[in-house]
Protein chains: 2
Amino acid sequence: MLEKKVKMMPLGDVSIQDDFWKEYMELVRKHVIPYQWEALNDRIDGAEPSYCMQNFRVAAKMEEGSFQGMVFQDSDAYKWLEAVAYSLMWHPDETLEATADQAIEIISAAQQPDGYLDTYYILNGLEKRFTNLMDHHELYCLGHMVEGAVAYYKATGKRKFLDTAIGYVNCVYDNIGKEPGKKPGYPGHEVAEMALAALYEVTKDPKHLELAKYFIDQRGQAPLYFAQEREKNKNDFFWKDSYFQDQYYQAGKPVRLQDRAEGHAVRAVYLYTGMAEVASASEDMELFEACQRIWNNIVEKQMYVTGAIGSSQYGEAFTFDYDLPNDTVYAETCAAIGLIFFARRMFEITRDSRYADVMERCLYNGVISGMSLDGKKFFYVNPLEAVPEASEKDFYKKHVKVERQKWFGCACCPPNVARLLSSIGGYAYEYNEKEFFMNLFIGGSMHAVLDGKENQFRVETEYPWNGHVKIQVENEADTGFTYAIRVPGWCRGYSLKLNGEAVKCPVENGYLLMERCWKNGDEIVFSMEMPVELVTANPRVREDIGKVAVMRGPVVYCLEEADNQDQLQELYLSENPEFVVKYEKDLLKGVVTLTTEGKRLSEEAWDEKTLYKPYTGRKFMPQTLKFIPYYAWTNRTVGEMLVWVRI
Amino acid sequence: MLEKKVKMMPLGDVSIQDDFWKEYMELVRKHVIPYQWEALNDRIDGAEPSYCMQNFRVAAKMEEGSFQGMVFQDSDAYKWLEAVAYSLMWHPDETLEATADQAIEIISAAQQPDGYLDTYYILNGLEKRFTNLMDHHELYCLGHMVEGAVAYYKATGKRKFLDTAIGYVNCVYDNIGKEPGKKPGYPGHEVAEMALAALYEVTKDPKHLELAKYFIDQRGQAPLYFAQEREKNKNDFFWKDSYFQDQYYQAGKPVRLQDRAEGHAVRAVYLYTGMAEVASASEDMELFEACQRIWNNIVEKQMYVTGAIGSSQYGEAFTFDYDLPNDTVYAETCAAIGLIFFARRMFEITRDSRYADVMERCLYNGVISGMSLDGKKFFYVNPLEAVPEASEKDFYKKHVKVERQKWFGCACCPPNVARLLSSIGGYAYEYNEKEFFMNLFIGGSMHAVLDGKENQFRVETEYPWNGHVKIQVENEADTGFTYAIRVPGWCRGYSLKLNGEAVKCPVENGYLLMERCWKNGDEIVFSMEMPVELVTANPRVREDIGKVAVMRGPVVYCLEEADNQDQLQELYLSENPEFVVKYEKDLLKGVVTLTTEGKRLSEEAWDEKTLYKPYTGRKFMPQTLKFIPYYAWTNRTVGEMLVWVRI
């Protein structure tokens with residue numbers, strides 16, 4: 001019973017009209033996507049060249065040259081095309097589509113007669129292809145190509161890119177596998193697993209599911225392919241001094257035997273997403289149980305309150321249970337995005353709201369913190385505590401930037417943000433023949449065919465700034481189905497009205513299930529209480545002892561130096577703080593701020609010359625504390641920032 | 001007025017009889033020194049070979065071979081000889097002296113006709129000598145050779161090693177300097193500066209002081225010698241991505257313009273020690289003021305409560321003011337020893353007890369923590385908070401060992417501990433013609449000639465376990481001088497008795513000055529109150545907010561898992577704790593333990609599945625907290641340890 005119970009709304013059927021999200025989507029459409037196309041073509045003044053499209057042109061013999069850039073440079077074009085595809089679904093744009101078609105022409109022209117398509121090896125010697133699966137990202141590029149191709153096919157109906165991708169998939173199928181004459185390898189950087197599952201949904205070609213399943217099950221089997229490959233080709237093992245060893249690649253043991261999230265966080269969650277897809281498509285309960293164990297480990301022991309994951313810069317990796325440092329943190333934007341991918345599959349299989357709760361936590365916090373409010377600058381690393389001097393002078397906090405950066409040599413996060421935000425409608429709303437699920441509270445209009453009947457809804461909300469959500473049915477004919485509304489994990493009180501009357505509904509798996517015959521003009525008002533909530537962490541999280549995080553609804557708040565002066569570590573909340581909750585429309589593109597009377601550890605008794613002295617109790621000065629949403633930090637001036645505040 | 005006001009007691013005139021320190025000295029004499037000799041000769045089963053003496057033999061053409069080991073391997077022999085010299089001063093030992101003489105024969109036989117003596121270049125090509133002063137430690141080895149030679153000469157009166165060292169000094173003098181034809185370089189790793197000052201005290205050869213002064217003043221001058229050297233010889237600049245750049249070597253600017261301790265901590269304090277020596281010997285007030293600025297920066301902004309310094313593993317370096325992390329700490333044993341070196345010179349110039357206070361803080365905490373109680377294992381890194389799982393699994397805490405290690409490939413700390421502990425008497429007692437200073441409260445007998453008159457004292461104390469110190473004068477003839485007793489910075493109440501009667505004395509610069517005509521049988525009893533003291537850190541030290549360190553007298557205490565279970569972060573002291581103070585003679589070779597009724601943050605309300613939840617106040621369980629002296633941690637079982645405890 002692992003088949004998906006629900007599926008994403010086609011993005012063309014969700015028209016987002018939402019003060020909070022629409023602007024992000026438009027930023028992506030108007031700025032990020034065009035900017036990235038310029039970047040892929042090395043036309044950004046002052047930026048490091050990408051060489052991405054140039055590599056394809058050279059590989060296609062359209063121009064002279066050699067391979068340049070990272071080994072996985074091809075993937076940037078694929079991620080861009082995926083973002084373009086989603087954007088075209090909800091905002092058709094002939095010019096953009098023509099540009100994308102042109103890119104696809106170039107990409108396809110580089111394809112080799114047997115379907116192979118990785119410009120690094122095409123340009124550096126095809127005889128060396130598939131000899132460094134561990135680190136050379138050929139199968140990572142394959143994965144992103146397939147993801148982009150499936151999305152573009154769904155967006156436009158055009159098969160060109162899809163056929164190119166299928167050609168490369170078939171080439172890999174012919175060269176990699178357990179059969180004699182093939183190499184028994186698998187991707188060093190996962191993503192192909194989930195991509196192949198998505199391809200299978202389109203092609204229904206069993207080879208495609210089979211290859212995904214093979215990649216998953218061959219991973220970590222003894223004798224270890226990567227170890228053999230390293231030895232045979234004298235490839236360096238960068239992680240030889242590490243604690244995690246081959247678990248960096250989640251390849252230290254077969255995935256079915258794994259019960260913790262380990263190693264490189266982005267690779268890990270991409271793998272787990274693929275595992276969930278394959279478990280579902282092949283009704284593989286054992287594999288699904290591994291997904292559940294790993295999921296539980298992440299959310300119960302290794303996830304920041306912002307939904308961020310991967311607490312160590314070394315290996316960009318998961319570490320050990322309850323190890324969640326706020327200041328040396330990695331918390332890559334892409335990893336939080338990957339957790340959303342994993343969460344969506346787990347939700348689709350289980351129809352359980354706890355997965356959607358995590359999607360929401362990531363989205364409003366650890367993901368959008370990765371992009372500046374003007375859409376022009378990005379974070380890889382999303383710290384929960386930042387001190388500019390430490391980031392400058394402490395080598396082990398060097399990766400913790402206190403300002404988002406313009407673009408990256410290794411440009412993985414910006415396009416990942418782009419493809420997620422331009423497909424956000426599909427995460428918000430999912431459905432099956434009999435149920436329509438509202439997972440995220442995002443305003444807009446939806447068109448859904450359930451059980452053969454047309455439905456039209458309109459959702460209005462100012463979420464996340466308040467908890468009121470109005471849903472209007474705008475159907476021509478009456479239809480019977482269940483409208484399922486997620487009651488968020490953070491929500492401790494709500495009211496539900498139908499056409500102005502309070503109603504009671506069963507709650508199942510965290511969803512209010514409103515089953516009835518819906519008529520035109522029916523109006524649901526779901527109203528969540530949204531008090532300020534102080535959140536405490538399990539005492540095994542050493543860094544958060546004696547501290548709380550301030551949340552309101554799904555939004556994690558933080559203190560910034562701009563509002564609270566520096567030395568934020570000196571600030572304390574009072575034990576039962578009362579907050580002034582205020583929507584400030586001109587601040588940070590409009591945010592709710594939280595203000596409370598707190599206190600500051602007094603420096604009065606201290607002078608410049610005293611480092612230690614006898615303890616005679618703590619003295620405090622009153623200080624007003626002003627909190628802003630975490631995601632919006634460092635959009636004004638550079639300064640200290642703190643999520644976990646003393647109390 | 002910068003000439004030294006006091007000088008060390010000759011070690012032969014101090015016979016330590018002290019429960020606390022004598023055992024350390026005997027461990028060094030009986031175990032560390034013999035063990036190290038075996039190590040230097042590659043005769044330790046299972047240990048990485050040192051190659052040290054082998055390199056000298058090969059360089060002396062006594063045997064065939066090539067250079068092996070670190071570029072600074074020679075220095076290990078010199079440090080060993082220095083420790084031997086101190087040991088011989090207070091414990092003559094013909095066999096040991098014969099072994100040392102034999103080592104000196106071999107070393108001297110390797111000397112080149114022009115005095116040069118560095119086996120790395122003798123064996124790898126003399127034409128390359130003095131081409132990588134930045135990293136190749138030729139002048140570091142020179143420094144340790146001179147330190148060893150001066151000590152050995154003072155211990156034995158034999159000139160052989162001294163003359164060899166002078167030969168190398170003169171060779172360096174002829175090759176390095178600002179004069180035409182010389183290379184305007186200076187040591188990459190300092191120590192020669194202080195060594196040359198010590199040599200000058202013996203030889204009174206102005207060239208020796210001049211060379212020390214040149215090394216100090218040339219350092220960091222533009223154009224930067226190291227930068228020129230790097231460029232000319234294509235030497236790699238390992239620190240090119242660092243924040244500190246050439247300040248790693250304290251060479252980013254002229255030392256007189258420096259006002260913070262920066263870069264590699266051991267190099268730094270060795271330099272500052274040399275600066276103080278040269279400032280004193282040449283009455284250079286500007287240079288001394290630089291010493292004072294830097295000293296103040298260290299003790300007011302960059303020193304751990306244990307006296308440890310150098311908070312970052314990267315570069316083994318100082319970082320920025322108030323940056324004193326307890327868990328990612330470096331706090332190298334050698335750096336705390338170097339701070340004692342610096343402190344002693346500053347004391348000798350100023351006769352101010354605040355320098356001796358720091359010596360004491362380092363000695364009883366950050367230095368002896370570096371050696372196991374059996375003298376067989378050593379720490380480089382002395383953390384103030386340790387969690388075994390973090391040290392194993394967090395790459396950035398990999399250097400934080402939770403067990404002392406047997407020996408090191410780069411064996412700098414063990415011989416440094418050895419040479420300090422075997423000369424401890426000289427740090428405890430200093431004198432001039434009219435004053436006798438008791439800086440450290442260490443029991444024993446002293447013989448001192450003041451103003452031409454013989455004096456004999458006997459000191460009895462159980463310090464640091466209690467604050468009672470009895471001093472008996474055992475003179476044949478009456479003598480008039482001032483007996484100066486340091487009133488420690490930590491001491492807030494004391495009594496002073498002379499021959500059973502309470503007396504009052506002036507206190508100057510932190511010293512009780514007892515000036516009188518001393519007679520045989522006079523007895524001073526200085527009795528310090530030694531309550532348990534809670535110490536708080538400046539609130540700018542982020543890591544120590546809301547926490548206190550527990551001290552009693554000079555001893556910093558810690559919690560260990562062995563006494564308090566794990567998850568030490570959950571433990572809180574009560575606001576006004578009462579302690580049971582108990583000397584436990586069978587515990588950790590005899591320590592005073594501190595026990596108090598504290599509390600533990602309750603995990604009751606938490607289950608394995610909950611990482612975050614709404615804050616509803618803190619709940620505690622009563623728990624008895626047992627503290628042991630910090631220096632003695634991890635001498636029983638491996639486990640968590642914590643100095644800064646919540647309150």
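In what follows, every chain begins at residue 1, and chains take the letters A, B, ... in the order their sequences are listed.
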Among Asp566(A), Thr616(A), Val535(A), who wins on heavy-atom pairs under 4.5 Å with chain B? Val535(A)
Among Met551(A), Glu533(A), Lys613(A), who wins on heavy-atom pairs under 4.5 Å with chain B? Lys613(A)
Can you say whether [X] sits under 4.5 Å from chain A via the side chain, the backbone, both, or neither, judging by heavy atoms?
X: Val387(B); value: side chain
X: Phe244(B); value: neither
X: Ala549(B); value: neither
X: Ser312(B); value: side chain
X: Asp241(B); value: both
X: Tyr396(B); value: side chain
X: Ile647(B); value: both
X: Val548(B); value: side chain
X: Leu601(B); value: side chain

Pair Asn564(B)-Gln623(B), side-chain donor/acceptor within less than 3.5 Å: no
Do the side-chain N and O atoms of Gln313(A) and Tyr330(A) include a donor-acceptor pair separated by under 3.5 angstrom? no
Quick one: which of Glu389(A), Glu561(A), Gln565(A) gives a side chain to side chain contact (heavy atoms under 4.5 Å, CB included) with Glu640(A)? Glu561(A)
Taking the inter-plane angle between the rings of Trp239(B) and Tyr248(B) on a 0 to 90° scale, is it parallel (under 30°), tilted (30 to 60°) or perpendicular (over 60°)? parallel
Could you walk me through whether Glu570(B) and Arg618(B) satisfy the salt bridge (Lys or Arg N to Asp or Glu O under 4.0 Å) test, starting with their C-alpha distance in whole Å, then the side-chain angles of each, then the deciding distance to 0.1 Å, before giving a yes or no? CA-CA 11 Å; Glu570(B) 294 174 353; Arg618(B) 276 185 278 272; over 6 Å; no
